Protein chains: 2
Amino acid sequence: MTLSEEDYIKAIYHLSQIDNKSVATNAIAEQMKTKPSSVTDMVKKLSEKSLVNYKKYQGVSLSEKGRLVALSIIRKHRLWEVFLVDKLNFSWDEVHEVAEQLEHIKSDALIDKLDAHLGFPKVDPHGDPIPTKDGTFKKSIKKLISELPVLSEGVCVGVNDSSASFLKFLDKNKIALGDTFKILDREEFDGSVSISTRSGTIRISEQIASNLYLEISDTE
Amino acid sequence: MTLSEEDYIKAIYHLSQIDNKSVATNAIAEQMKTKPSSVTDMVKKLSEKSLVNYKKYQGVSLSEKGRLVALSIIRKHRLWEVFLVDKLNFSWDEVHEVAEQLEHIKSDALIDKLDAHLGFPKVDPHGDPIPTKDGTFKKSIKKLISELPVLSEGVCVGVNDSSASFLKFLDKNKIALGDTFKILDREEFDGSVSISTRSGTIRISEQIASNLYLEISDTE
DNA sequence: AAATAAATTTAGGCAAACCTAAAAAATTGT
DNA sequence: ACAATTTTTTAGGTTTGCCTAAATTTATTT
Ligand SMILES: [Mn+2]
Ligand SMILES: [Mn+2]
Ligand SMILES: [Mn+2]
Ligand SMILES: [Mn+2]
């Protein structure tokens, strides 16, 4: 598989996670920063290789084979992110671009040994689960703060938007994965939310709330 | 720079180290496992970019700019080799292929942090020196065993041939970098050499002797 | 149910990196 | 010196991944 094919497979995987429908050509083009006509070319090729199911004008979805390829690339991407943060002291907002390259290195032995070296991590620096070698992985039961009712309590386990600017914002406001939050109150007017943390109570905008995942520890 | 351009630059660098003449098209083709006509294409492109000096039919040599590019790729290659052996427990005969890929990852921060993580190593697992960031590096005064006179003594610091089969041979015969050897005797007939090691005296063929470097500690 | 708009595909091209076959230049042998 | 051989370059193609412009299909309005 070429680097480009791998990135397309990964893009299709991520887009199909959003809702469970087949993925539109334009959506892939936007994600991959190419033109729709280029996407059509590539989708045809992936279809020939049985990595995707494709019917003209009907959008595209990953085949089982394609899904396993996607998970293996995501596994590599996330393991490298752990390496960059844990071993090389990168901050979590700096790792994406480099991991985007490292995920394409071809060597099964490499990724197994890297996994061992890192102590078989279960999640990456952004709280996203790392698929196992055989392509299984547990989606945690996590919810966006914006989708949780008032008085919910839970551990912050992930981000929706992992852009450097958002991650830097979190650092500046002392919000980190692993912190326990309680939703105290939600403002009708603008959807902003008041949450209590170890270090006090803060108010976050709807935009922030819709980009932070909590793993809810039963509120009872 | 593309991956392919980088590999060409590296090949030209290595070939020009052998003797100090300009490098022949056919030699590059052999090294790169392509056809001479492809080499001509690429050399023209590198020449446009002022990375090599090239005149038709006259062979090619690296410009100063090209030399620095070569050294930066070699630096990355060798640092990754150290990482693979020291941190991921690869054996020294397994690392070349993966390092061949890793050397092309683009990120200055990555290579600086990797260097620090490894403790700023001076040589790679095959005893080859690691160029510094600014492209200087010390060629050690090392000589092939086949070129040294009888009774020379020194530390084994490098290999000429780093193919997996040769490295495996060394492991099997308990020859490792850092070992101290003394050349006891050389057979006129076949060039084979008798050397004393910590673990006793062994006889090595001319072919082996011409692939092992010693750093000679003055014999006086 | 048209008409309009949006999404998607097709057609035709381009650059990178390779190829084969043929031509040209350099080297070697006599 | 000049014929034969070797090396190198040129000419013309291929594949991959991208592009623009035009055609086609599907979706949305009116
Ligand atoms: Mn990628
Ligand atoms: Mn991540
Ligand atoms: Mn390489
Ligand atoms: Mn090496």
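Numbers restart at 1 for each chain; the letters A, B, ... are given by sequence-line order, proteins then strands. Quick caveat: nothing in here was measured; it's all calculated off a predicted structure.
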Nucleic acid footprint by protein, nucleotides 2-8 of chain C - heavy-atom cut-off 4.0 Å, B for base, S for sugar-phosphate alone: -----SB
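Using a 30° and 60° split on the angle between ring planes, B:Trp80 and B:Phe83 fall in the perpendicular class, above 60°.
Judged by the 6.0 Å distance and 45° axis criteria, B:Lys113 is positioned over the aromatic ring of A:Phe90.
B:Arg203 contributes atom CZ, which lies 7.0 Å from atom CG of B:Asp190 (distance to the nearest 0.5 angstrom).
The nearest whole Å value for the distance from the CD atom in B:Glu48 to the P atom in C:dA15 is 13 Å. For B:Lys55 and C:dA26, the NZ to P distance is 12 Å, given to the nearest whole Å. What separates CE of A:Met42 from C1' of C:dT10 is a distance of 18 Å, to the nearest Å. Distance CG (A:Leu46) to P (D:dT16): 12 Å, rounded to an integer number of Å. The CG atom of A:Asp7 sits 15 Å away from the C1' atom of D:dT16 (whole-angstrom rounding). Nucleotide D:dT26 holds its P atom 18 Å from the NZ atom of A:Lys21, rounded to whole Å. A:Asp41 has its CG atom 14 Å from the P atom of D:dT15, to the nearest Å. As a whole-Å value, the separation of B:Lys33 NZ from C:dC19 C1' is 18 Å.
Contact annotation: B:Tyr8 side-chain N/O to C:dC18 OP1/OP2 distance is under 4.0 Å.
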Under 3.5 Å, N/O pairs linking protein and nucleotides 20-22 of chain C:
{"unit_1": "C:dT20", "atom_1": "O4", "unit_2": "B:Ser37", "atom_2": "OG", "d": "3.0"}

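Within 4.0 Å (heavy atoms only), B:Lys44 reaches sugar-phosphate atoms of the nucleic acid but no base atom.
Side-chain atoms of A:Ser165 and A:Ser163 form a donor-acceptor pair, as typed in the model, at a separation below 3.5 Å.
Proximity of A:Leu118 to A:Pro121: side-chain heavy atoms (C-beta onward) are separated by under 4.5 Å at one or more points. Using a 4.5 Å cut-off on side-chain heavy atoms (C-beta onward), B:His104 and B:Lys76 make no contact. Put simply, the side chain of A:Ser210 does not reach to within 4.5 Å of the side chain of A:Asn160, judged on heavy atoms.
Listed in residue order, the members of residues 11-18 of chain A having a heavy atom less than 4.0 Å from DNA chain D come to none.
Heavy atoms from other residues, nucleotides or ligands lying under 6.0 Å from CG of B:Asp134 number more than 12. Atom NZ of B:Lys87 is surrounded by more than 12 heavy atoms from other residues, nucleotides or ligands within 6.0 Å.
With A:Val39 as reference, A:Ile28 is the one residue of A:Ile12, A:Val23, A:Ile28 to meet the side chain to side chain contact (heavy atoms under 4.5 Å, CB included) rule.
When every heavy atom of B:Lys142 is checked against every heavy atom of B:Gly127, the shortest pair comes out as NZ-O, 4.3 Å.
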